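Before any comments, here is the structure.
Being a predicted model, the structure only gives us computed values, none of them experimental. Every number for a ligand or one of its atoms is a count from 1 in the order of the listing.
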Amino acid sequence: MAENGDFSFAKDGNVVARNGLPRIQTHGSRKTKPENGICYDDSAPPVKAQTIDELHSLQKKRSTPTTPIKDKDGQGGAAFAALSEEERHKLQLQSISASLASLTRETGPKVVKGDPARKSETPRVGAEHHHYFTPAISVSDSALKFTHVLYNLSPAELYEQAIKYEKGSFITSTGALATLSGAKTGRSPRDKRVVKDETTTEELWWGKGSPNIEMDEHTFLVNRERAVDYLNSLDKVFVNDQFLNWDPENRIKVRIVSARAYHSLFMHNMCIRPTPEELENFGTPDFTIYNAGQFPCNRYTHYMTSSTSIDLNLARREMVILGTQYAGEMKKGLFSVMHYLMPKRRILSLHSGCNVGKDGDVALFFGLSGTGKTTLSTDHNRLLIGDDEHCWSDDGVSNIEGGCYAKCIDLSKDKEPDIWNAIKFGTVLENVVFDEHTREVDYSDKSVTENTRASYPIEYIPNAKIPCVGPHPKNVILLACDAFGVLPPVSKLSLAQTMYHFISGYTALVAGTEDGIKEPQATFSACFGAAFIMLHPTRYAAMLAEKMHTYGATGWLVNTGWSGGRYGVGNRIKLGYTRKIIDAIHSGSLLTAGYKKSEVFGLEIPAEVEGVPSEILDPVNTWEDKAAYKETLLKLAGLFKKNFEVFANNKIGKDGKLTEEILAAGPNF
Ligand SMILES: Nc1ncnc2c1ncn2[C@@H]1O[C@H](COP(=O)(O)OP(=O)(O)O)[C@@H](O)[C@H]1O
Ligand SMILES: C=C(OP(=O)(O)O)C(=O)O
Ligand SMILES: [Ca+2]
Ligand SMILES: [Mn+2]
């Protein structure tokens with residue numbers, strides 16, 4: 001029997017496995033026998049729960065009670081202070097219900113706080129102690145259901161929501177939340193619309209070259225209704241109430257209503273996070289985004305040319321997103337709003353990174369996407385103020401955001417350690433590829449897109465300057481990734497040259513990265529951010545010129561692109577060299593270097609930069625084929641000239657002299 005059976009019997013009658021191990025003893029044979037003969041595992045004190053449900057209820061404690069809002073003198077400090085907690089919650093829900101209100105039905109939806117999956121939180125009619133807001137009359141089916149609001153959830157809660165409900169959400173080996181943004185993996189500037197009304201007709205930049213493609217108020221409302229109805233049809237929506245701009249005098253309150261935990265976590269990271277006290281007193285937002293990105297716009301709707309639409313209504317202070325889930329659309333949409341609101345207050349909004357040295361020397365890094373704003377402003381030797389969006393007021397600079405959004409294609413720990421280390425719990429990792437088992441990210445993998453991104457709160461960078469403000473800039477660095485390989489790695493600019501290059505906003509990237517040599521694509525984007533500016537470029541340029549002049553800032557042009565030939569022949573300038581160049585700008589040593597003027601562009605090229613081989617400083621030295629160099633140089637100069645034609649008739653600033661100087665500061669050939 002022992003031959004083919006699994007068990008055999010030992011002499012004492014206990015069953016033993018075939019390998020001879022004794023069966024696990026369930027009666028206390030070694031320890032003292034309990035009197036009643038019942039077995040118990042007494043190695044640790046017993047749990048203080050009688051049932052599983054009770055045990056689970058012990059796991060979570062209520063969040064710290066909302067701070068009693070009182071001034072030092074015990075008086076109510078803010079408008080809401082006199083209200084009870086109960087009343088504040090009711091007002092908060094009322095405000096969210098108003099945000100989500102249809103404009104064609106009489107009332108907003110019934111909103112309730114909490115996850116619908118947690119049954120105990122679903123209010124029954126007549127329930128007493130739940131915080132929810134019910135409109136007076138139910139006139140439609142949509143008014144009969146509750147819209148659950150997940151309000152300013154924490155990153156941990158958003159992780160759980162994403163992983164449970166959103167396909168393509170995973171935790172990577174370093175704790176980041178990997179997500180997919182769907183069909184769109186970058187912005188859709190051609191689908192951006194701005195409501196043209198009496199005011200904006202006058203104020204905004206329209207027509208050729210402008211990013212503002214018109215739509216009328218009525219069409220905006222059609223899309224708004226579409227987004228709001230979509231959001232209200234869902235079981236739950238995410239609402240973020242946050243701030244923009246670290247300058248306390250010019251802070252903007254924003255509300256983002258979205259359908260995905262990924263979007264909520266992204267904005268949690270990118271906007272400024274309110275303290276619990278600030279949230280209690282949030283009140284009515286200054287601007288609201290309705291992100292219904294999974295739902296397309298209707299192409300029969302007037303002005304729609306695709307199923308994607310990003311609609312900005314400045315009068316209503318609202319933005320609607322349909323047909324794209326790319327999260328960058330929200331942050332850059334709000335940036336456009338700041339490009340409208342801030343200049344009205346004589347504050348210059350800047351598409352730039354910003355950091356500050358130990359001596360308080362601030363540098364701005366302007367540049368189009370992929371030219372190095374995030375990489376170069378994140379500098380271990382300096383404090384990071386921000387990587388992408390700033391304001392320059394009479395008081396100095398302030399970051400608009402509370403987080404960074406780094407490109408992570410080919411990210412390396414050696415070259416960009418601070419960004420590498422910021423990719424941890426709380427960070428959103430968009431469209432990256434990872435090992436299905438170890439969850440280690442392969443940053444070189446472009447299978448989903450080349451535009452892989454990491455979004456993290458700014459305090460994930462160890463030397464972040466918080467609050468993210470600083471004094472007036474000393475250096476204004478214009479970054480151009482020149483895939484033609486003819487711009488010098490660094491040149492010092494006069495004020496007029498700075499304005500010329502600022503208005504031009506040049507970069508050249510390579511269109512397709514696949515097979516063989518492709519022609520570099522020159523891009524000119526006014527103010528290094530034409531997709532986001534709302535007023536005519538010369539308005540921003542005039543403000544920049546005035547500020548640089550007043551505070552004595554120096555302009556620099558830094559080529560983070562090719563050297564030794566164009567794309568396909570030469571190579572991208574080593575990041576290590578660019579960092580040395582930037583170091584020399586910060587330290588002031590480049591200001592006193594010897595210079596020579598380059599041909600055609602008339603750029604001042606330094607003879608030496610510490611840590612950089614001198615022969616690469618003048619690109620002509622690095623090209624084997626000198627004729628090809630000259631030809632390429634002239635070609636690029638021609639592109640600059642042609643691009644600038646549209647600006648030739650615009651006066652910059654009050655006196656005409658600067659305009660003339662700027663026109664003369666372009667290439668001469
Ligand atoms: N010489 C260089 N200077 C700056 N960035 C470089 C250089 N060489 C390669 N890179 C890479 O180029 C990319 C710059 O992107 P990023 O800093 O995110 O641009 P932006 O913030 O302006 O959109 C990074 O992936 C960086 O590693
Ligand atoms: C988020 C963006 O900014 P940048 O590439 O400049 O970092 C973007 O352009 O979509
Ligand atoms: Ca002030
Ligand atoms: Mn960036």
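- When the options H263, Q294, E430, R260 are evaluated for a side chain to side chain donor-acceptor pair (under 3.5 Å) with Q325, the one that passes is R260.
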Between side-chain atoms of residues 476-487 and protein atoms elsewhere (two or more places apart, or another chain), which donor-acceptor pairs fall under 3.5 Å?
| from | atom 1 | to | atom 2 | distance (Å) |
| --- | --- | --- | --- | --- |
| D482 | OD1 | F484 | N | 3.0 |
| D482 | OD1 | Y506 | OH | 2.5 |
| D482 | OD2 | G485 | N | 3.3 |
| D482 | OD2 | V486 | N | 2.9 |
| D482 | OD2 | L487 | N | 2.9 |

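- For F524 and F640, the ring centers are positioned less than 6.0 Å apart.
- Within the 6.0 Å centre-distance limit, the rings of Y159 and F425 are counted as a close aromatic pair.
- In this structure, atom 1 (C) of ligand 2 lies nearest to the protein heavy atom Y405 CD2, 3.3 Å.
- Looking at S352, its side chain never comes within 3.5 Å of a backbone N or O of L364 through a donor-acceptor pair.
- For atom 7 (O) of ligand 2, the nearest non-hydrogen atom from the set H351, K373, K332, R453 belongs to R453.
- Checking only distances, R187 does come within under 3.5 Å of ligand 2, N or O to N or O.
- Of all protein heavy atoms, the one lying nearest to atom 5 (O) of ligand 2 is S369 OG, 2.4 Å.
- For the residue pair K492 / T554, no side-chain donor-acceptor distance below 3.5 Å is found, with atom types taken as modelled.
- Protein contacts to the Mn ion (ligand 4) involving N, O or S atoms at a distance below 2.8 Å are T374 OG1.
- Heavy atoms of D388 found under 4.0 angstrom from ligand 2 belong exclusively to the side chain.
- Listed by number with element, the atoms of ligand 2 under 4.0 Å from a non-hydrogen atom of K331 are 1 (C).
- A donor-acceptor contact shorter than 3.5 Å links the side chain of S336 to the backbone of K332.
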Anything under 3.5 Å between an N or O on ligand 1 and a protein N or O? List each pair with its distance, or write none.
| from | atom 1 | to | atom 2 | distance (Å) |
| --- | --- | --- | --- | --- |
| ligand 1 | 1 (N) | I573 | O | 2.9 |
| ligand 1 | 1 (N) | T578 | OG1 | 2.9 |
| ligand 1 | 8 (N) | R572 | NE | 3.4 |
| ligand 1 | 10 (N) | R572 | NH1 | 3.4 |
| ligand 1 | 12 (O) | R572 | NH1 | 3.0 |
| ligand 1 | 12 (O) | R572 | NH2 | 3.3 |
| ligand 1 | 17 (O) | T374 | N | 3.4 |
| ligand 1 | 17 (O) | T375 | N | 2.9 |
| ligand 1 | 17 (O) | T375 | OG1 | 2.7 |
| ligand 1 | 19 (O) | G370 | N | 3.4 |
| ligand 1 | 19 (O) | G372 | N | 3.2 |
| ligand 1 | 21 (O) | T374 | N | 2.9 |
| ligand 1 | 21 (O) | T374 | OG1 | 2.8 |
| ligand 1 | 22 (O) | L368 | O | 3.4 |
| ligand 1 | 22 (O) | T371 | N | 3.4 |
| ligand 1 | 22 (O) | G372 | N | 3.2 |
| ligand 1 | 22 (O) | K373 | N | 2.9 |
| ligand 1 | 22 (O) | K373 | NZ | 2.8 |
| ligand 1 | 23 (O) | G370 | N | 2.7 |
| ligand 1 | 27 (O) | E416 | OE2 | 2.6 |

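- By the 6.0 Å and 45° rule, R317 does not stack over the aromatic ring of F287.
- Of the heavy atoms in F335, none comes closer than 4.0 Å to ligand 2.
- Between Y456 and Y405, the distance from one ring center to the other does not fall under 6.0 angstrom.
- Checking each of Y540, F335, F502 against H351 for a ring pair (Phe, Tyr, Trp, His ring centres under 6.0 Å) leaves exactly one that passes, namely F335.
- No donor-acceptor contact under 3.5 angstrom links the side chains of H380 and N463, judged on distance only.
- For the residue pair T578/R572, the side-chain donor-acceptor check at 3.5 Å is not satisfied.
- Applying the salt bridge (charged side-chain N to carboxylate O under 4.0 Å, His left out) definition to pairs two or more places apart or across chains, none involves residues 532-541.
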